[in-house]
Amino acid sequence: MAPLAVQVLLLCLPICSAYPLQGSVRQEPPNMDFAQRYLEKYYNLDKIEKQMFKRKDSSPVVKKIQEMQKFLGLEMTGKLDSNTMDVMLKPRCGVPDVGGFTTFPGSPKWRKTHLTYRVENYTPDLPRESVDAAIEKALKVWEAVTPLTFSRLSEGEADIMISFAAGEHGDFYPFDGPGQSLAHAYPPGPGFYGDVHFDEDEKWTLGSSGINFFLVAAHELGHALGLFHSDKKESLMYPVYNFSKSPAHFRLSQDDIDGIQSLYGPHPYSGVIVVPTSSVSPRTEIPTKCDPSLSFDAVSPLRGELLFFKDRYLWRLSHWNPEPEVHLISAFWPSLPSHLDAAYEANSKDRVFIFKGTQFWAVRGSEVQAGYPKSIHTLGFPLAVRKIDAAVSDKETKKTYFFVGDQYWRFDEKRWLMDKGFPRLIRDDFPGIEPQVDAVLQAFGFFYFFHGSSQFEFDPNAKMVTHTLKSNSWLLC
């Protein structure tokens, strides 16, 4: 099995579509739109590739079908045959299967061996004591093969918060009614990381009818402990839900054991020596928000919030939460890279454009838009420009300023063209601002230029620096 990490996609959204569980009636096969959505969601098929499935063998769709068949252990026909469609209809985790990674970047894991959990609410499908017993049993599955131990809290904040919810429930992954997403869980980390959410609209049971709560809980808790998906069908962490044996006699596969022990080691009394897999990389420490030397890679608004990017992380500052939240970038946009160069919000387009190297992406809310990444040179930059240092868009004028070295360009968002007469020297139009600029933010009628651990408040009307602040002053430091 593979230790999870935080790349995706965050977590496991087993998605269930009209698959005949025991005792249910099989529905009609899905149409091609369903298959298209499935490949887009789990295998990164570009949404603009609206191709029908009767294509030549080299088409992107056929390649994606073969990629899916290979991962799920099916015959690689490249066609949506009955065996392939049967597997696509089964309940499964919502984490994409593409990439071939055995861990998320950084292999996040808990930095302690005793963890707490709390059940925040319950489903009416099962007695409360049955839910508690199933969760306890699911945790013991992992406890039996690692040094980890668990204790339950009845109130307050626990490492692993467990809840039932329907529809929108406060994160970027709303549930979508019965027969679709079963549950999802976040990998280890602060805040909501490690939390587990179950879809209340599912029919939760302790047997083979409906959705077996113990099996899903054990899988999701595997994610909450740091495991990603396995391509081995016998593994608990295989993405497709399967009631293959009675939970009363459930045992982890060796693949699951290898994965969890690569993160935490064996149970202290097992006598097993574990050699971590080569795919497990050291965890990158979360930057300390009040570190006096903290600098940012990029800063951007997003729908009234402010995002401060650093390495693999971002701080999210919103009006309704006075305390900045730290998240992995991949928790919001799994396909984006880390260590970004620049970002800005085009408010009129409801898009945030994110830059790294010679490429840029467009995101809308939690979705990366189809057709990206694109080359920065499509914006009008000369080929000599290999990266953007910083960017900011003026809401009033709809002009975007790109800073590169000691120069800047001005871009017209309405015409989607670079203005003539650029580049110009930063010092000529922004006196007091020294290159190289790390990030720029527009707020309260000022531009805030970030350079290392300092930021400079610049009045564009007076054309002068009015205040010098610490870069992390926005984070209540």
Side-chain angles (χ1 to χ4, degrees), residues 4-13 15 37 39-48 93-99 101 103-106 108 168 170-174 181 184-187 189-193 195 197 223 228-229 284 286-287 296-318 324-347 349-376 387-388 390-391 393 439:
L4 168 204
V6 191
Q7 169 224 63
V8 184
L9 233 148
L10 286 164
L11 72 93
C12 170
L13 294 177
I15 186 159
R37 291 194 301 271
L39 293 172
E40 288 171 357
K41 185 169 185 178
Y42 301 114
Y43 290 88
N44 203 28
L45 178 68
D46 197 322
K47 291 185 179 180
I48 66 172
C93 261
V95 179
D97 298 333
V98 296
F101 300 106
T103 68
F104 285 112
E168 279 282 356
D171 61 17
F172 281 89
Y173 297 89
S181 299
H184 54 240
Y186 294 81
F192 67 78
Y193 288 106
D195 292 356
H197 302 161
H223 281 301
F228 189 45
H229 284 156
T284 301
I286 299 175
F296 297 114
D297 298 331
V299 178
S300 175
L302 171 62
R303 295 179 173 177
E305 299 183 1
L306 292 179
L307 304 180
F308 297 82
F309 298 89
K310 179 66 175 179
D311 299 337
R312 296 191 301 120
Y313 297 89
L314 64 84
W315 281 277
R316 181 183 181 188
L317 191 62
S318 60
E325 302 173 4
V326 64
H327 307 281
L328 282 150
I329 296 171
S330 57
F332 290 93
W333 305 294
S335 62
L336 290 189
S338 56
H339 296 83
L340 304 175
D341 292 333
Y344 77 90
E345 182 182 42
N347 188 265
K349 296 183 174 70
D350 189 24
R351 299 287 192 279
V352 172
F353 293 96
I354 294 175
F355 297 77
K356 181 168 183 176
T358 59
Q359 295 182 314
F360 73 101
W361 292 257
V363 302
R364 184 179 185 184
S366 61
E367 294 186 356
V368 177
Q369 299 300 285
Y372 291 85
K374 294 180 179 179
S375 169
I376 61 174
K387 68 184 289 290
I388 307 300
S393 190

Interatomic spacing from CG in L306 to CZ in R316 - rounded to 0.5 Å: 11.5 Å

Closest non-hydrogen atom pair, P324 against W315: CB-CD1, 4.2 Å

Side-chain (E345) to main-chain (R303) donor-acceptor, under 3.5 angstrom: yes

Shortest non-hydrogen contact from A342 toward A391: CB-N, 4.0 Å

Note, I376 side chain near K387 side chain (heavy atom, < 4.5 Å): no

I388 side chain reached by F353 side chain, heavy atoms, under 4.5 Å: no

Side-chain (D341) to main-chain (G357) donor-acceptor, under 3.5 angstrom: yes

Least distance between heavy atoms, V352 atom then S300 atom: CG1-OG, 3.8 Å

Smallest separation among heavy atoms of V368 and W361, with atom names: CG1-CD1, 4.1 Å

Close side-chain approach of F360 and Y372, heavy atoms under 4.5 Å: yes

Cation-pi check, K310 onto Y313 ring (under 6.0 Å, within 45° of axis): no

Side-chain heavy-atom pair R312, I329 within 4.5 angstrom cut-off: no

Geometric class of the Y186/H197 ring pair [parallel <30°, tilted 30-60°, perpendicular >60°]: perpendicular

Side-chain heavy atoms of Q369 within contact of V363, under 4.5 Å: no

